[in-house]
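Working notes, structure below.
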Amino acid sequence: MNDLEKQTHTAEELLKSYFGHDSFRTGQKQIIDELESGRDVLGIMPTGGGKSICYQLPALMADGITLVVSPLISLMKDQVTALVQSGIRGAFYNSSLNEAQCRKALANMAAGMYKIIYVAPERLETERFFEVCRGLKISYIAVDEAHCVSQWGQDFRPSYLKIPEFINKLPKRPVIGAFTATATRAVRSDIVKLLGLNDPYVLTTGFDRPNLYFEVRHVSTKAERFGELMDIILSHSNKSGIVYCATRKAVDELYERFSDMGLDVTRYHAGLTPEERRVNQEAFIFDRKPVIIATNAFGMGIDKSNVSFVVHYNMPKNIENYYQEAGRAGRDGSNADCILLYSPSDIFTIKYFINNGERSEELTEAELELIKSREIGRMNRMIDYCRFDGCLRNYILRYFGERPTEPCNNCSECLGYTKTRRTGLPIKKKVQAAGKHQAEIRAEVDAGLFEELRKMRVRLAKIQGVPPYVIFSDNTLKDICRKLPGNKDELMGVSGIGMNKAERYGNDVLRIISNYKK
């Protein structure tokens, strides 16, 4: 245990010391205070809204350990890497570990080496994991992606129903925090009931992500769809982006076409070998390849903060999936674009997947039919979104139960771009219109200094063996450019730089600023 953890600190002090933030985001402090008081919590916060701070900070203030239940192996790895970079002792326990690694992780857990442990829900059912947990003081259990417990949700996982069984077997019931980014009223009710939350404090911070620009482009032919995608990628040159396709075949075709054209892209889908998926995902996360073309098998839990655009090459199955996937853009708060290419032919593809997709063997025939009918209903709401001629952001917010009133003025409908596209405005003018819009909403900093800091970040990331955004986010680099700190104390005033990162990377940053000032 380090010196910082041995002392009693306020939540605000720990937020600054470990995470480098001067203030909490909306809802974070309320949730942290409720958990600390011993009350269960249900937090509904948008992707990129800072859910992880809500359980990581209480974990630092507690005597015992915190278990974080997550279905996402990639997220666990990302989160633990980020914790370690911030000076917090964390680990994960899931199917990616071999037998020797499992034994070591359990031994370290038993020895009290970790403050936060990420675990897959299936692992809760294993006897040896429970035996270790029974001997530990568990202060909190955080259930991430809590919507997975509900058959009303878009991502139901039967293993989530076993979580209360694990909790009830523990010598003492910990405080439970459940968190999700996408939950309708029916799903929220299920989370409280099925996870057995006791009189929980329920907080919905709002689903709005003001930094995201939403657009739907209608396409009628395959050639037109490809042309629109080409426009988008070229107008986001050297920016990090994700292109989602409905099928593996579409992913492979686009990957080959863009590669033949000399564009720096990679791909991801379940048909690739595990090794190729790993290599390609790392190429994207480590910024070696700025654009990844993928099915929805990619991205669950990917916490890459500098994604500037997300394109859906085909209409997704439902609003929940769309908002979750689109929400992988702009995680650091920077402005980002979420563009959907829609054709009526997409509907047939989705219906095929609904009727023929893989299902859990644990589901009965009646449950399968119920889930299918709900999926058709959600698909119809997605179609309505694509055809909607009002504010796109407000459509999404209303879907999740919010009541917005004003047009957002940051979507294609509010800005009038959809109508020009439907009348067949030449491609160059389309790109110019979108480019002008982006120029208006992006506040840039000194490009030369930013590029030097970015190169430094890449170099440090290679040395540490971590993704560049784990060292510093783009927003942190921009804040360095604005504030030009001259020493480590001033560096601690930069958003996203805590004590550990100031000590670890401060000299490198200050050297670059000093050279820049000269």
Side-chain angles (χ1 to χ4, degrees), residues 46-47 154 182 207-236 241-246 250 254 293 296 307-330 335-350 378-400 404 407-427 429-438 441:
T47 303
Q154 82 282 8
T182 52
F207 291 91
D208 193 14
R209 297 275 304 284
N211 60 315
L212 300 184
Y213 164 76
F214 291 97
E215 180 173 352
V216 177
R217 299 190 187 184
H218 289 239
V219 293
S220 53
T221 65
K222 192 174 179 179
E224 189 180 353
R225 198 192 293 263
F226 181 78
E228 292 286 2
L229 178 60
M230 190 75 181
D231 286 353
I232 296 163
I233 289 179
L234 292 179
S235 66
H236 291 81
I242 304 171
V243 178
Y244 281 110
C245 300
L254 290 178
I293 303 164
N296 62 4
V307 175
S308 295
F309 66 98
V310 171
V311 180
H312 280 81
Y313 195 63
N314 311 95
M315 183 183 77
K317 287 172 65 176
N318 52 57
I319 297 286
E320 289 94 337
N321 282 11
Y322 175 64
Y323 201 49
Q324 191 172 57
E325 290 159 8
R328 287 170 191 141
N335 294 306
D337 299 330
C338 307
I339 302 172
L340 193 163
L341 306 181
Y342 168 73
S343 165
S345 62
D346 295 336
I347 299 169
F348 299 103
T349 305
I350 291 172
R378 285 197 291 269
M379 178 195 72
N380 289 334
R381 297 295 299 276
M382 188 75 240
I383 295 168
D384 291 344
Y385 170 83
C386 293
R387 296 173 176 171
F388 193 56
D389 59 3
C391 175
L392 296 177
R393 173 176 272 99
N394 283 355
Y395 183 97
I396 293 170
L397 296 180
R398 285 192 191 97
Y399 180 84
F400 289 115
C408 75
N409 291 319
N410 193 22
C411 75
S412 55
E413 290 293 334
C414 287
L415 295 167
Y417 295 148
T418 303
K419 289 187 178 115
T420 59
R421 288 198 168 92
R422 283 175 184 161
T423 56
L425 200 67
I427 282 173
K429 290 189 179 178
K430 294 179 191 174
V431 177
Q432 286 168 358
K436 182 182 178 186
H437 163 66
Q438 292 310 318
I441 64 173

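For reference, positions follow the sequence shown, starting with 1. Note: hydrogens, waters and symmetry copies are ignored here, and every other heavy atom, side chains too, is used. Keep in mind it's a predicted model, so treat the numbers as computed, not measured.
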For the [atom1] atom of [X] and the [atom2] atom of [Y], what is their distance to the nearest 0.5 Å?
{"X": "F309", "Y": "I242", "atom1": "CZ", "atom2": "CD1", "answer": "9.0 Å"}
{"X": "I339", "Y": "Y213", "atom1": "CD1", "atom2": "OH", "answer": "6.5 Å"}
{"X": "L254", "Y": "I233", "atom1": "CG", "atom2": "CD1", "answer": "8.0 Å"}
{"X": "M379", "Y": "D346", "atom1": "CE", "atom2": "CG", "answer": "11.0 Å"}
{"X": "F226", "Y": "D231", "atom1": "CZ", "atom2": "CG", "answer": "10.5 Å"}
{"X": "E224", "Y": "H218", "atom1": "CD", "atom2": "NE2", "answer": "11.0 Å"}

- Item | Worked verdict on H312 versus C386 for side chain to side chain contact (heavy atoms under 4.5 Å, CB included) | CA-CA 12 Å; H312 280 81; C386 293; over 6 Å; no
- Could you check R209 against Y323 for side chain to side chain donor-acceptor pair (under 3.5 Å), going step by step and ending with a plain yes or no? CA-CA 10 Å; R209 297 275 304 284; Y323 201 49; over 6 Å; no
Closest approach of [X] and [Y], non-hydrogen atoms and distance?
{"X": "E325", "Y": "N296", "value": "OE2-CB, 3.3 Å"}
{"X": "D337", "Y": "H236", "value": "OD2-NE2, 2.6 Å"}
{"X": "Y385", "Y": "I319", "value": "CB-CD1, 3.8 Å"}
{"X": "I347", "Y": "R387", "value": "CD1-NH2, 3.9 Å"}
{"X": "M382", "Y": "Y322", "value": "SD-CB, 3.9 Å"}
{"X": "A329", "Y": "A336", "value": "CB-CB, 3.7 Å"}

Do [X] and [Y] touch side chain to side chain, with heavy atoms closer than 4.5 Å?
{"X": "V216", "Y": "E413", "result": "no"}
{"X": "C411", "Y": "N394", "result": "no"}
{"X": "Y313", "Y": "L229", "result": "yes"}
{"X": "C245", "Y": "I293", "result": "yes"}

- Take R393 and L212 through the side chain to side chain contact (heavy atoms under 4.5 Å, CB included) test and state the conclusion after the steps. CA-CA 9 Å; R393 173 176 272 99; L212 300 184; 4.1 Å; yes
- Among F207, F388, F214, find the one that has a side-chain contact (heavy atoms from CB on, under 4.5 Å) with I396. F214
Taking the side chain from [X] and the backbone from [Y], do they hold a donor-acceptor pair closer than 3.5 Å?
{"X": "R378", "Y": "K317", "value": "no"}
{"X": "N410", "Y": "P210", "value": "yes"}
{"X": "N321", "Y": "P316", "value": "no"}

- Residues E320, Y399; criterion side chain to side chain contact (heavy atoms under 4.5 Å, CB included); working and verdict: CA-CA 9 Å; E320 289 94 337; Y399 180 84; 2.9 Å; yes
- Item | Worked verdict on I232 versus R217 for side chain to side chain contact (heavy atoms under 4.5 Å, CB included) | CA-CA 11 Å; I232 296 163; R217 299 190 187 184; 3.8 Å; yes
